[in-house]
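Side-chain atoms are counted along with the backbone in the values below, which use heavy atoms only and exclude waters and symmetry mates.
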Amino acid sequence: MLITRAGTLNWPTKTRRNNERSPRALCAIGVLLLFAALMMPPMAGAADEYSFDTSETDKKPYSFGGYAEAKPMLFDLDRDAALYKTRFYDRHVSNPLSEYDFTLQLDAGIEWNIFKAFARINNSLDRTYDGWSDDSKPYELFLAAKPTPSLTASAGKLTAKWGKGYAWNPVAFLDRPKDPDDPALNLEGYYMAGFDYIRSLEGPLKTFSLSPFLLPVDYGLNHDFGESGHLNYAAKAYFLLWDTDIDLMFLTGNSRPDRVGFDFSRNITTNLEIHGESAWIDDLQRMKVDSNGRVSESEIDAWSGLLGLRYLTSIDTTYILEYYHNGSGYSEPEAKDYYSFVDQAYDAYVNTGNAGPIQKAANLTQGGYGRPNPMQDYLYFRVSQKEPFDLLYFTPAITTILNLDDRSFSLSPELLYTGITNLELRLKGTVLIGDNFSEYGEKPNDARLELRVRYYF
Amino acid sequence: MFKFIGVLISLVCAAGAYALDGAQILEKVDRNLAPASYELYRKLINIEPSGAKKEYVLFTVKKGQDMVAGVFLSPASEKGRSTLRLGDNMWLYIPNVGKPVRITSLQSVIGGVFNNADILQLDYSDEYDVVGVEELEKEYVLGLKAKTKTVAYDRLKMWVDREKIVPTRIECKTEADMLIKTLYFKDTQDFGGGFVRPAVIETDSPLYRGYKSVMVFAKLKARELADEVFTLTYMPNIESLR
């Protein structure tokens with residue numbers, strides 16, 4: 001298992017070589033040294049500061065880029081927490097716990113006439129309490145044809161990225177769930193085929209576009225999307241109507257329950273934007289456990305919604321505020337039942353050595369209780385100050401995610417510096433605060449500190 | 001009585017002609033700076049008090065009165081970021097995030113003294129009314145007032161070269177007459193197609209003391225573009241226009 005976000009679980013599906021120092025670790029150290037070397041030369045020294053060599057603008061038929069990232073992390077573990085017990089019940093780990101994540105993302109594209117091919121490959125190497133692990137997978141891999149500016153057809157591994165919310169996107173029917181603790185991270189796509197058709201119009205409706213997709217779950221494709229053996233259909237219609245972005249979308253096809261949704265975004269004034277999302281899911285299978293460990297499954301129609309705003313002040317302070325209702329989430333009593341069961345299962349393991357109940361609890365954690373924000377009502381609030389005290393490229397921020405059901409929360413201050421060309425430095429801390437049997441009170445750690453060093457090339 | 005009416009009529013005519021001259025000068029400034037629809041490359045340079053610099057290369061297309069789109073070509077950390085403006089609406093598309101988000105004219109997608117309104121600029125005559133014209137020996141001085149509250153700067157004071165009819169300096173101010181920044185137009189060059197205009201715009205601001213931002217223009221040329229290019233759905237593909 002990995003700890004990849006504030007106190008949430010991410011069970012590995014990757015290859016692992018426990019307690020074995022990978023030669024790739026040396027590569028990772030090399031990458032760190034490269035960062036250090038890149039930071040050494042000063043930026044100044046260009047004499048002709050206004051020169052513009054137009055050969056810089058010459059277009060090549062191919063492109064290559066990406067980034068290399070190193071992210072050391074330190075966790076202050078909470079040994080009494082439910083999610084600590086489900087993860088570490090049969091082993092002793094040191095506290096604080098350190099982890100190291102290294103990522104190399106490679107982007108390559110080639111264009112010919114109306115055609116384009118693109119690949120984004122994500123390679124990761126992680127050092128956790130469980131040893132070294134590595135993984136390599138395409139996040140995007142597709143062919144596209146654009147015969148006219150109005151029409152683009154694509155097939156391959158694509159990311160749809162539906163929704164207007166910053167931290168959550170209940171209408172992202174074709175995307176993997178975002179991590180609200182780091183919502184700007186790019187995500188792995190799904191294999192699908194579709195097209196974008198665009199029309200520009202006169203009058204209050206300025207733009208209309210239609211983006212239908214076919215998403216197969218079969219033949220080894222998209223096996224983690226849902227039930228196998230089905231071809232799924234989805235579409236999004238976009239309207240720029242009275243200066244408001246509006247999307248209507250649906251997904252049907254039996255791999256997942258049918259769902260429909262809409263979103264909107266609009267600038268109320270030049271410095272205030274509001275946005276929202278709404279999604280209805282029919283016949284959603286929902287599993288829960290009572291405090292004695294009895295698992296039951298029910299079918300519900302779930303409504304999820306989000307309402308948010310972004311406000312920019314005259315001194316470049318940005319406020320982002322979002323309310324999220326997760327219709328498929330657990331209520332406070334349901335979550336308490338789960339935490340209570342974990343406690344009983346752990347006590348049984350300690351007293352009798354019977355690991356069955358705690359393993360069952362661990363499986364339930366994977367099944368939904370351990371996902372980011374598994375409960376029903378949340379508030380996200382972020383304040384960032386661009387370039388305070390005339391410090392160019394420096395952005396401090398503080399973010400809180402508040403569980404409105406049990407009033408537990410996370411608080412994450414961060415410092416971001418982008419003053420060195422292509423280098424991004426981010427120092428981020430997170431503290432998790434909550435009572436027993438509350439979401440953030442039962443995360444496996446009480447606090448986390450991470451440094452992210454990312455170099456783009 | 002007739003004498004008085006005659007004086008009044010000539011005053012009204014003179015005032016009308018005066019106002020018309022200001023608007024005509026501003027429209028002439030716009031057309032001398034760029035065609036109504038065009039493509040353009042720009043280098044944006046942020047210079048810190050220490051002399052340290054950060055450079056960005058941006059490809060921009062514009063159509064008609066209110067459609068502008070751009071994509072960053074370098075540095076690597078910004079490559080593929082695209083911006084779109086449709087009238088008062090502005091969006092930013094970041095490849096990693098993968099979807100456009102609404103931004104405001106006063107924000108800056110790159111940091112530094114230039115903001116989004118500077119980078120996605122429309123014609124001055126589309127956003128401002130001329131409220132005063134002063135004639136100096138070598139320059140006109142135009143007083144401009146924003147047509148709507150959504151324009152980034154409420155007031156501009158524009159110095160225009162009388163011979164070339166291009167700006168030499170613009171002061172950008174708030175409604176309360178507070179100076180936000182000054183743009184200096186320099187290094188007039190022939191871009192071909194009849195466009196002889198300043199190739200460099202230098203900016204400083206009392207809000208960023210010691211800092212300076214520079215915009216260098218290249219490969220400006222008229223270009224016809226489909227309206228569909230200026231849409232949210234097209235934003236990930238703007239670089240394909242090059």
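Within the model, atoms OG1 of B:Thr233 and OH of A:Tyr238 stand 6.5 Å from one another, a figure rounded to the nearest 0.5 Å. From A:Ser63, atom OG reaches atom CD of B:Glu239 across 7.0 Å, with rounding to the nearest 0.5 Å. The structure places CD1 of B:Ile103 at 9.5 Å from CG of A:Asn267, a figure rounded to the nearest 0.5 Å. To the nearest 0.5 Å, the span separating CE on B:Met215 from CZ on A:Phe52 amounts to 11.5 Å. B:Leu86 contributes atom CG, which lies 8.5 Å from atom CG of A:Asp243 (distance to the nearest 0.5 angstrom). Separation of atoms CZ (A:Phe208) and OG1 (B:Thr231) is listed at 12.0 Å; rounding is to 0.5 Å.
Counting heavy-atom neighbours within 6.0 Å of A:Lys59 NZ, excluding the residue itself, gives a total above 12. Heavy atoms from other residues, nucleotides or ligands lying under 6.0 Å from CD of B:Gln189 number more than 12. The environment of A:Arg199 atom CZ is sparse: at most 12 non-hydrogen atoms of other residues, nucleotides or ligands sit within 6.0 angstrom.
Heavy-atom distances place the side chain of A:Thr207, and not its backbone, under 4.5 Å from chain B. Only the side chain of B:Asn89 comes within less than 4.5 Å of a heavy atom of chain A; its backbone N, CA, C and O stay farther away. Proximity to chain B (any heavy atom under 4.5 Å) is shown, for A:Glu424, by neither the backbone nor the side chain. Only the backbone of A:Arg266 comes within contact range of chain B, judged by heavy atoms closer than 4.5 Å. Neither the backbone nor the side chain of B:Ile94 comes within less than 4.5 Å of any heavy atom in chain A. Contact annotation for A:Leu240: only side-chain heavy atoms (C-beta onward) come within less than 4.5 Å of a heavy atom of chain B. Both the backbone and the side chain of A:Thr418 come within contact range of chain B, each with at least one heavy atom under 4.5 Å from a heavy atom of that chain. Neither the backbone nor the side chain of B:Lys186 comes within less than 4.5 Å of any heavy atom in chain A. With a threshold of 4.5 angstrom between heavy atoms, A:Asp245 approaches chain B through its backbone and through its side chain. Neither the backbone nor the side chain of A:Thr313 comes within contact range of chain B, judged by heavy atoms closer than 4.5 Å. If you measure heavy-atom distances from A:Tyr139 to chain B, you find no contacts under 4.5 Å at all.
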Applying side chain to side chain contact (heavy atoms under 4.5 Å, CB included), run through A:Phe457 and B:Lys79 and close with a yes or a no.
CA-CA 10 Å; A:Phe457 54 85; B:Lys79 186 173 166 54; over 6 Å; no

Start with the C-alpha gap between A:Tyr393 and B:Asn46, add the side-chain angles, then the distance that decides, and say whether side-chain hydrogen bond (donor to acceptor under 3.5 Å, both in side chains) holds.
CA-CA 10 Å; A:Tyr393 313 117; B:Asn46 286 336; 3.3 Å; yes

For A:Lys116 and B:Ser240, what are the C-alpha separation, side-chain angles and deciding distance, and is it a side-chain hydrogen bond (donor to acceptor under 3.5 Å, both in side chains)?
CA-CA 9 Å; A:Lys116 177 185 175 182; B:Ser240 69; over 6 Å; no

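Using a 4.5 Å heavy-atom cutoff, the side chains of B:Val101 and A:Arg310 are in contact. Using a 4.5 Å heavy-atom cutoff, the side chains of A:Thr421 and B:Ser77 are not in contact. Put simply, the side chain of A:Thr57 does not reach to within 4.5 Å of the side chain of B:Phe59, judged on heavy atoms. The side-chain heavy atoms of B:Tyr234 and A:Lys146, taken from C-beta on, include a pair separated by under 4.5 Å. At least one side-chain heavy atom of B:Lys99 sits less than 4.5 Å from a side-chain heavy atom of A:Asn169. Inter-residue side-chain proximity for B:Tyr41 and A:Thr54 is flagged as unmet; no heavy-atom pair is nearer than 4.5 Å.
Counting heavy-atom pairs closer than 4.5 Å to chain A, the top-ranked of the candidates B:Lys149, B:Arg42, B:Glu228, B:Glu78 is B:Glu228. Most heavy-atom pairs under 4.5 Å with chain A: of the set B:Asp88, B:Val151, B:Asn237, B:Leu225, this distinction falls to B:Asn237. Contact count against chain B (heavy-atom pairs under 4.5 Å) is highest for A:Ile198 among A:Ile198, A:Asp175, A:Thr148, A:Asn186. Ranked by heavy-atom pairs under 4.5 Å with chain B, the list A:Ser150, A:Gly65, A:Ala144 is led by A:Ser150.
B:Lys54 contributes no side-chain N or O that, together with a main-chain N or O of A:Ile420, makes up a donor-acceptor pair within less than 3.5 Å. Formation of a donor-acceptor pair under 3.5 Å by the A:Glu273 side chain with backbone atoms of B:Arg102 is not found in this model. In this structure a side-chain-to-backbone donor-acceptor pair under 3.5 Å is present from A:Asn422 to B:Ala76.
A:Lys164 and B:Leu232 get closest at one heavy-atom pair: NZ-CD2, 4.1 Å.
Looking at A:Glu56 and B:Lys43, a side-chain N of the basic residue comes within less than 4.0 Å of a carboxylate O on the acidic one, giving a salt bridge. The pair A:Asp58-B:Lys219 meets the salt-bridge criterion, with a side-chain N (NZ, NE, NH1 or NH2) lying under 4.0 Å from an Asp/Glu carboxylate O.
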